[in-house]
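All remarks here apply to the structure that follows.
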2 protein chains.
Amino acid sequence: MRLAELAARSGFSNATIKYYLRAGLLHPGEAQSTTWAEYDDSHVRRLRLVRALTEVAGMSLETVRQVVLAVEEAGSEHEARGAAQWALSREVTDEPTASSLVRVDGLLARHGWTVHADSPHRRVLAAALDTVEQLGLPATDELLDSYAQALRPVAELEVSRVAEAEDTTVAAERLVVGTLLYEPVLTTLRRMAHEAASAPVRE
Amino acid sequence: MRLAELAARSGFSNATIKYYLRAGLLHPGEAQSTTWAEYDDSHVRRLRLVRALTEVAGMSLETVRQVVLAVEEAGSEHEARGAAQWALSREVTDEPTASSLVRVDGLLARHGWTVHADSPHRRVLAAALDTVEQLGLPATDELLDSYAQALRPVAELEVSRVAEAEDTTVAAERLVVGTLLYEPVLTTLRRMAHEAASAPVRE
DNA sequence: TCAGATCGGAGAGTGTGGCTATCCAACATT
DNA sequence: AATGTTGGATAGCCACACTCTCCGATCTGA
């Protein structure tokens, strides 16, 4: 299909697709002549992915580009996971305090979770703990433990579903999409659970 | 304290604080004369809240403003919850499909959750389900049920902690801050759980 | 065959968000 | 009275995410 048809199918404007091509968010079509390039389903899927990551996950185009490149270059599911995690973790501006890092490591140890020592999540989580502490709402270990305990079966189910994927590229994409796109599902459900949990005292 | 001291204590620049005052993110200080206004701890706390909501929760200043106003005007915890939820829910551009709304309602019914019929979360969740479906990663009821089941005890613990608050304003603030600021904690823990759950197959 | 439409590509322009810098009159300080 | 600082208003700036305009090459219909 030509660019115009890709635009019609994806719902993006002609100009926006050109912009995404320039920005490296979309791989070029197969040039058939100077004025003719063939785009296929992979381009449609990519555009859907970009839309999902920007609109649902609220990511910037630059972050989307890094995630997309990481997924593309990954030769294995493991590699995809590592690259995607690096790309997904927000830049933590403030260095986390040592005490928060210790708390994170303690949490991991209590639950027997094996996480890479230089995994970005350790620092991201520690920084998040610092922030809530500064606002006078310190997270108790009890709360963190309940989070960890609740998430373990969920994570196992999710990982097992990703592992079913046929192809490496599909698996990598599924991993990233699943991690990111289910986050709004999870947080919205949590807010609903709050509403439900406080319902008895409602008017 | 004067504006300059508030700037020094909060870490924001003089100019930025003036900008926040204009934007309605920060309530004015008590004017002592034409060139002298008294700021207090409430201003320091507010600035910390703004920083937390923008930097950690990634919210726009306009959204922060709405949340802050909602919390300020709330006369009761219940009111604060309603106002905050309205403000917190992202603008859902696409209308959710009817079938997703049915799935959401089914989920709520299965778990006995009471949620307001016009709660924004129903539509937000349904729209999120539509999105993952479009990307070929449909959420099974099994997955949604496991999310809901995992989150219930967590939400109950969180709600009980908020209920301990002394003052209505403090309770409202705590509610919003808790809901929003613990989201990164939760999502980061989920990503860690993924890493831990797939560790056995790591190199 | 050839005039006009369409294509892909590149650069400049646009609008919004989040600050930042400059100016100003009023006041406080020495 | 001279100087410096304050709060308030206006305008400017920069990054992001497009969007518009132009261009030469090529495809298409009569």
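Proteins get letters first, then strands, A, B, ... in listed order; numbering begins at 1 in each. Here the structure is a predicted model, which is why all the values come from computation and not from measurement.
- The CZ-P distance, from A:R65 to D:dC16, rounds to 12 Å in whole Å.
- Judged purely by atom type and a 3.5 angstrom limit, A:H43 uses its side chain to pair as donor or acceptor with the backbone of A:H27.
- Residue contacts shown for B:A31 are absent, as no nucleic acid heavy atom lies under 4.0 Å away.
- In the set C:dG8, C:dT20, D:dC20, D:dC20 carries the atom at the smallest distance from any side-chain atom of A:A15.
- One finds no salt bridge joining A:E158 and A:R161 here, because no Lys/Arg side-chain nitrogen approaches an Asp/Glu carboxylate oxygen to under 4.0 Å.
- Straight-line distance from the CZ atom of A:F12 to the P atom of D:dA17: 12 Å, rounded to whole Å.
- If you take CD of A:E5 and P of C:dT6, they are 15 Å apart, rounded to a whole angstrom.
- Side-chain N or O atoms of B:R152 include one that pairs as donor or acceptor with a backbone N or O of B:H111 at under 3.5 Å.
- Atom pair A:E55:CD and D:dA17:P shows a separation of 12 Å (rounding to whole Å applied).
- Annotation: of the two residues near DNA chain C, A:K18 and B:S60, the 5′-most nearest-nucleotide partner is A:K18.
- Contacts of A:T54 with the nucleic acid, taken as non-hydrogen atoms under 4.0 Å apart, are absent.
- Comparing A:N14 and B:W36 along DNA chain C, the residue whose closest nucleotide (by nearest heavy atom) sits nearer the 5' end is A:N14.
- For A:S13, whose side chain is taken as the heavy atoms from C-beta onward, the closest listed nucleotide among D:dG8, D:dT19, D:dC27 is D:dT19.
- Within 6.0 Å of the CZ atom in A:R2, the count of heavy atoms belonging to other residues, nucleotides or ligands does not exceed 12.
- Side-chain atoms of A:A37 lie closest to C:dG8 of the nucleotides D:dG8, C:dG8, D:dA17.
- In the interface, the side chain of A:R22 is paired with the base of C:dG11 through a donor and an acceptor atom under 3.5 Å apart.
- Heavy atoms of A:Y20 sit under 4.0 angstrom from primed sugar atoms or phosphate atoms, though from no base atom.
- When rounded to the nearest whole Å, the span between CG of B:L21 and P of C:dT20 equals 15 Å.
- Between A:S33 and the phosphate of C:dC7, there is no side-chain N or O to OP1/OP2 separation shorter than 4.0 Å.
- Atom P of nucleotide D:dT26 and atom CD of A:E38 are separated by 18 Å, given to the nearest angstrom.
- Between B:I17 atom CD1 and D:dT5 atom C1' the separation is 16 Å, expressed in whole Å.
- In this structure, a donor-acceptor pair under 3.5 Å is absent between the side chains of B:E195 and A:H116.
- With rounding to whole Å, A:Q66 atom CD is found 12 Å from D:dC16 atom P.
- Across all strands shown, A:A23 has no heavy atoms under 4.0 Å from either base or sugar-phosphate atoms.
- Looking at the side chain of B:L61, the nearest of the listed nucleotides C:dG18, D:dC18, C:dG8 is C:dG18.
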